Amino acid sequence: MTAPLTPPPPPHQEPSREREDASQPQQPLQQQPSLQQAPDGRPRQFWPEPSGGSGFAPAYGQDGPGMKTELREAAVVTVAVALGGVLLGLLWWWLAPSVPLVGDIVENRWVVYVKDSEGEQAIGVDGTFTLLALALGAVSALGAFLVRRRGGVPLVVALTVGGVLGSVLAWRLGVWLGPAQDVIAHAKDAGRGVTFSAPLKLGAKGALLVWSVAAMVVHLGLTGLFGPRDPEAVPPA
């Protein structure tokens, strides 16, 4: 007699299981943020795009305009602030106190001296220029901030350079509009013992920097108080 045949073992079930797994929808992997360097040099968190795309989608927008735009705006601010020196020169010439001089003849020679040696008119001339430059510096900083809310190195440099150029222009314009520089000729024209006004003169040359300093300080304060803020980093879920 022959022994009964043993039935073969059932086939391996792995292929069917793989087909079942393939038919079930796959769960998306949890997206994790990555730390990358932003254009401004500071680290920023970036999140991968939910579908497709190339790489990562930044969590923040671009910080301000491009460098070319900033340089173009800085050039416009520099020219505008420098031209404001015309207004400063006119105001200085109009508001500055006059220094009285008197001409006399000593040993057949004309001499000119200050009529009131203890007067403070000369100090008032420098003080008037300083106060006007301080006010125009604050106004120019406010105007630049209202036009462009963001700060930036090019804008600060533009305010500084424009303030210096405007102060120099105002100084030279005021001197040109003021009384004649040749005081001896002026004394001869006025006559002996007749009072006339001295030329407009800026004794304290440091006043030429007041406009720039005031503009930088005011613009820095406005940007710190009312400028845009960087959004807070979104923590991962």
Side-chain angles (χ1 to χ4, degrees), residues 74-145 155-222:
V76 174
V77 171
T78 302
V79 174
V81 174
L83 291 178
V86 176
L87 177 61
L88 175 58
L90 292 174
L91 291 175
W92 183 47
W93 166 67
W94 181 36
L95 298 175
S98 61
V99 179
L101 300 179
V102 175
D104 197 1
I105 300 176
V106 178
E107 297 180 355
N108 297 326
R109 296 178 57 185
W110 278 90
V111 294
V112 177
Y113 56 91
V114 180
K115 183 177 181 180
D116 186 5
S117 59
E118 296 182 357
E120 299 180 352
Q121 291 88 349
I123 300 177
V125 173
D126 293 347
T128 302
F129 187 94
T130 302
L131 292 177
L132 290 174
L134 186 66
L136 288 178
V139 171
S140 61
L142 177 61
F145 177 76
L155 184 60
V156 175
V157 173
L159 289 173
T160 304
V161 175
V164 173
L165 294 177
S167 298
V168 173
L169 176 61
W171 169 41
R172 301 312 305 171
L173 179 62
V175 171
W176 180 67
L177 293 175
Q181 297 295 310
D182 191 349
V183 293
I184 298 297
H186 198 173
K188 292 179 180 180
D189 294 339
R192 182 178 181 179
V194 178
T195 303
F196 62 96
S197 297
L200 202 57
K201 180 181 178 181
L202 185 63
K205 295 302 188 291
L208 298 175
L209 302 177
V210 172
W211 188 330
S212 299
V213 174
M216 287 191 296
V217 172
V218 173
H219 187 269
L220 179 62
L222 292 175

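Owing to the predicted nature of the structure, the values given are computational and were not obtained by experimental measurement.
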Going by heavy atoms in the side chains, are [X] and [Y] under 4.5 Å from each other?
X      : Y      : value
Val102 : Val194 : no
Val210 : Ser167 : no
Ser197 : Val99  : no

Problem - Under 3.5 Å: donor-acceptor pair, side chain of Trp92, backbone of Gly174 - result: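 Here the side-chain-to-backbone pair does not exist.
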Spacing of [atom1] belonging to [X] relative to [atom2] belonging to [Y], to within rounding of 0.5 Å:
X      : Y      : atom1 : atom2 : result
Phe129 : Leu208 : CZ    : CG    : 5.5 Å
Thr128 : Gln121 : OG1   : CD    : 11.0 Å
Leu169 : Leu83  : CG    : CG    : 7.5 Å
Lys201 : Trp171 : NZ    : CH2   : 10.5 Å
Asp189 : Asp182 : CG    : CG    : 9.0 Å

Give me the atom names and distance for the closest heavy-atom approach of [X] to [Y].
X      : Y      : answer
Ala133 : Leu88  : N-CD1, 3.8 Å
Gly103 : Trp110 : C-CZ3, 3.9 Å
Leu173 : Gly89  : CD2-CA, 4.3 Å
Leu136 : Gly84  : CD1-O, 4.2 Å
Ala180 : Pro199 : O-CG, 3.1 Å
Ala141 : Leu222 : O-CD1, 4.3 Å

Exercise for the section: Could you check whether the rings of His219 and Phe145 sit parallel, tilted or perpendicular, using 30° and 60° as the cut-offs? Expected result: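 Geometry flag for Phe145 against His219: perpendicular rings.
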Exercise for the section: Tell me, with the steps shown, if Val112 and Phe196 meet side chain to side chain contact (heavy atoms under 4.5 Å, CB included). Expected result: CA-CA 10 Å; Val112 177; Phe196 62 96; 3.9 Å; yes
Handout entry: Qualifying residue, where the test is side-chain contact (heavy atoms from CB on, under 4.5 Å) with Ser212 and the options are Thr160, Leu165, Val217, Val161
Key =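 Passing option: Thr160.
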Practice task
Determine, step by step, whether Leu177 and Leu200 satisfy the side chain to side chain contact (heavy atoms under 4.5 Å, CB included) criterion, reporting the C-alpha distance in whole Å, the side-chain angles of both residues, the deciding distance to 0.1 Å, and the verdict.
Solution key: CA-CA 8 Å; Leu177 293 175; Leu200 202 57; over 6 Å; no
Handout entry: Thr195 and Leu101: CA distance, side-chain angles, deciding distance, side chain to side chain contact (heavy atoms under 4.5 Å, CB included) verdict
Key = CA-CA 6 Å; Thr195 303; Leu101 300 179; over 6 Å; no
Practice task
Give a yes or no on this: more than 12 heavy atoms of other residues, nucleotides or ligands lie within 6.0 Å of atom CH2 of Trp176.
Solution key: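 No, because the 6.0 Å sphere around CH2 of Trp176 holds 12 heavy atoms or fewer from other groups.
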Practice task
For atom CD of Glu120, decide whether the heavy atoms of other residues, nucleotides or ligands shown that lie under 6.0 angstrom number more than 12.
Solution key: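 Count not over threshold, so no.
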